[in-house]
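A quick write-up on the structure given underneath.
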Amino acid sequence: MTDQKSASTTVDGAVDSSTSSNFIRNKIADDIKQNKHGGRVHTRFPPEPNGYLHIGHAKSICLNFGVAAENSGLCNLRFDDTNPEKESQEYVDAIKDNISWLGFQWNGDVRYSSNYFEQLYAFAVQLIESGKAYVCDLSAIEAREYRGSLTEPGRNSPYRDRSIEENRGLFERMRTGEFADGSCSLRAKIDMAAPNINMRDPVLYRIRHIEHHQTGTQWCIYPTYDYTHCLSDAIEGITHSLCTLEFEDHRPLYDWILHALEIASIAGASDLEDTDSKYVLPEQTEFAKLKLNYTIVGKRKLKEMVETNVVTGWDDPRMPTLAGMRRRGFTAAALRNFCESVGVARSDSIVDLGMLEHAIRDDLDKNSPRAMCVLNPVTVVLTNLPDEHLQILSMANHPKVDEMGRRSVPLTKRVVIDRSDFEELPVQGFKRLIAGGEVRLRGAYVIKCIDVIKDGAGELIELHCSVDLDTLGKKPEGRKVKGVIHWVSEAKGIPLTVRLYDRLFSVENPESKDIEDIRECLNEDSLIEITSCIAEPSIMEEGASSSYQFEREGYYCLDEKESSENKLVFNRTITLRDSW
RNA sequence: UGGGGUGUCGCCAAGUGGUAAGGCACAAGGUUUUGAUCCUUGCAUGCGUUGGUUCGAAUCCAGCCACCCCAGCCA
């Protein structure tokens, strides 16, 4: 058995975790061994610009770009823009931005299927001339009736036997705009009785008098996905056309179209510079989509959530979109590692959110500088310190990575700690501050709670604690202090707002068919805002990071969209693991 | 009830006839000035099911069962 572990490197230089074998890697290795495409590996990522990219697309991006990179191959970015009705430039721009952010660089210029409209038209004429396509006047509704059903064969269209001459004329008139939308279509002449419904004379071209975001008003007929995709692949010299499982039934059609045309004319139209090795047609291979529990990955529903204001936009930090996850503080490397860890296979599966969370924590733990931030402040007066006490403590930015440097943290007589770190009636095993008990202020001294000050209603006002001045950087003598809590100088701390995010849905499978309205299963606590937090001043210093591990709280990042000069907003990316 | 797929630990997943990798989760220890990280250990006599072939089967064969996809002039 050969060693199939290796590491892949992305454009930002980050080395991702080790890879393992999957059926696509195996197939490509095999193709290379057999010199199938002259040893070339050329893939493509082909989104339709009709929405924002999400975690599911990340899997496809990592696969396509990854597998190309591993084999010194190329990967194109191609917008599959054959249906102008749903598409827009906004999506094109966002998608390009997302892919770059994820850390991948496409080969050459961005491609558009619409770049090939002229060539595609010429190929369609070829099909007509060889008697393999015809113009059909059936309406969409009639065509559905003629198509038959899953269990019954279809019937031939009455227009199926038009002469080549007539078809050529009609198709040309379709292009010049003589016909209304839907009045006719160009169809492949295959087999109306085929058990695979995709082969029952599929539509190749439809009439749409509508402006296209790339080609403007140049065209009023648009090729369908099935007709366009295989030919775009062929033109770009794609060797491995990777797509998801639902296209499996389209593969016979993908192959039919390519074989219906003269291979020489396809080769001639392709990007490939003159061919040392003979031209080989691209081959489609399908893999399972990525699904995650507690999340929705369906463009239609994501769009619906944006439009009904269930979330604030495509980049809402709770969204599984790349834009949302980025704003949430997920890193590109973490997402890449996650995609790798999930693997690529053909079985339908639903990945546990815990896997994603692990990938995020794993990356953030290694790379985030530490800081202290108190979410629910309660004042602690250090009684044996003078009123004007100001001590600058030096703390490591990372407990294990010295290269990340150190920071200065001011200690004053009055500090704040988190309300939950003090308990009058502690449960068994409580390791934090209790009346009369000791605890260490992280990076500073051990303190002892000597007085609990309350108001008339019994509400906690402040804590009075004494400092053991002999415990800075060393253990106290003669006793063990187990607890360590974070703190911030009350006077020197920086006020900020924090947004705590949690999963958007309260059920494991929000995409389940028996949920009619997704609003029924929303997690009420998916966003909690806390406005009275106080963080150590280092986070505002010149050159400060925009993301941190707030010690004992979790990973947080600055929300640039929500922050202003007098209001700082941090998003909680994810909590720390908590086994307590 | 046509066609195409898929079933290996709670969740992913490797494995392609030689006696079940790995990750997540979980559990138990250890280290620790983050109840984090890190380390160590444990976690499928079993691969949807029933038969068959074989010295030997998750891997080959047959039947059965379950689930997913397809009847857009969407992708």
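Here is how names work: the chains are called A, B, and so on, in the same order as the sequence lines, proteins then strands, and each is numbered from 1. Predicted model, so just to flag it, every value in this text is computed and none were measured.
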Which nucleotide sits closest to the side chain of [X]: [options]?
| X | options | value |
| --- | --- | --- |
| A/Leu576 | B/rG2, B/rG7, B/rA36 | B/rA36 |
| A/Thr224 | B/rC74, B/rG35, B/rA75 | B/rA75 |
| A/Glu48 | B/rC74, B/rG35, B/rA13 | B/rC74 |
| A/Asp249 | B/rC70, B/rA71, B/rC11 | B/rC70 |
| A/Pro399 | B/rC69, B/rA36, B/rC11 | B/rA36 |
| A/Ser185 | B/rC73, B/rG15, B/rG2 | B/rC73 |
| A/Arg206 | B/rG15, B/rC73, B/rC70 | B/rC73 |
| A/Arg442 | B/rC12, B/rA71, B/rU33 | B/rU33 |
| A/Thr151 | B/rA75, B/rG35, B/rU1 | B/rU1 |
| A/Lys400 | B/rC38, B/rA75, B/rG5 | B/rC38 |

Rounding to the closest angstrom, what is the interatomic distance between [N] and [M] at atom [atom1]?
| N | M | atom1 | result |
| --- | --- | --- | --- |
| B/rG23 | B/rU8 | C1' | 15 Å |
| B/rC61 | B/rG22 | P | 29 Å |
| B/rU59 | B/rU50 | P | 13 Å |
| B/rU40 | B/rU31 | C1' | 11 Å |
| B/rC65 | B/rA25 | P | 39 Å |
| B/rC9 | B/rG46 | P | 13 Å |
| B/rU34 | B/rC38 | C1' | 13 Å |
| B/rA20 | B/rG48 | P | 16 Å |

Using a 4.0 Å heavy-atom cut-off, does [X] contact any base of the nucleic acid, only the sugar-phosphate backbone, or nothing at all?
| X | answer |
| --- | --- |
| A/Arg440 | base |
| A/Thr82 | sugar-phosphate |
| A/Ala444 | base |
| A/Gly429 | base |
| A/Ala140 | base |
| A/Gly443 | base |
| A/Gly483 | nothing |
| A/Arg144 | sugar-phosphate |
| A/Ile350 | sugar-phosphate |
| A/His250 | base |
| A/Arg552 | base |
| A/Arg346 | sugar-phosphate |
| A/Val481 | nothing |
| A/Phe247 | base |

Glycosidic conformation of B/rG51, taking syn as within 90° of 0 and anti otherwise: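 Anti, angle beyond 90° from zero.
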Could you tell me whether [X] and [Y] have a side-chain N and a carboxylate O separated by less than 4.0 Å?
| X | Y | value |
| --- | --- | --- |
| A/Arg25 | A/Glu70 | yes |
| A/Glu236 | A/Arg44 | no |
| A/Arg432 | A/Glu423 | no |

Is_stacked (A/Tyr225, B/rA75) at 5.5 Å, 30 deg: no
A/Tyr294 and A/Phe505 aromatic centres sub-6.0 Å: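 They do not qualify: ring centres at least 6.0 Å apart.
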d(CG, A/Asn83; P, B/rG72) in whole Å: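 Going from A/Asn83 (CG) to B/rG72 (P), I get 15 Å.
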Test item: A/Thr471 and A/Arg440 side chains (from C-beta on) under 4.5 Å apart, heavy atoms: yes
Side-chain donor/acceptor contact of A/Arg370 with base of B/rU34 under 3.5 Å: yes
Contact nearer the 5' end of RNA chain B, comparing A/Phe550 with A/Val342: A/Val342
Nearest-nucleotide comparison on RNA chain B, the residue closer to the 5′ end among A/Asn50 and A/Phe23: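 Its nearest nucleotide lies further toward 5', so the answer is A/Phe23.
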Residue list, side chain to side chain contact (heavy atoms under 4.5 Å, CB included) with A/Arg419, at least two apart or on another chain: A/Asn376, A/Val378, A/Phe422, A/Leu460
Side-chain N or O of A/Ser349 closer than 4.0 Å to phosphate OP1/OP2 of B/rA13: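 So the side chain of A/Ser349 is within the cut-off, an N or O lying under 4.0 Å from OP1 or OP2 of B/rA13.
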Distance below 4.0 Å between A/Ser341 side-chain N/O and B/rA13 OP1 or OP2: no
Plane angle bin for A/His250 and A/Phe247 - parallel if under 30°, tilted between 30 and 60°, otherwise perpendicular: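 Aromatic pair A/Phe247/A/His250 classed perpendicular.
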A/Tyr121 and A/Trp219 aromatic ring geometry - parallel, tilted or perpendicular at 30°/60° bounds: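 Rings of A/Trp219 and A/Tyr121: tilted, as their planes differ by 30° to 60°.
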Donor-acceptor pair between A/Glu48 and A/Asn50 side chains, under 3.5 angstrom: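 Yes, side-chain donor-acceptor contact under 3.5 Å.
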Assigned partner base of [N], Watson-Crick or wobble definition, under 3.5 Å:
| N | result |
| --- | --- |
| B/rA27 | B/rU41 |
| B/rC55 | B/rG18 |
| B/rG7 | B/rC65 |

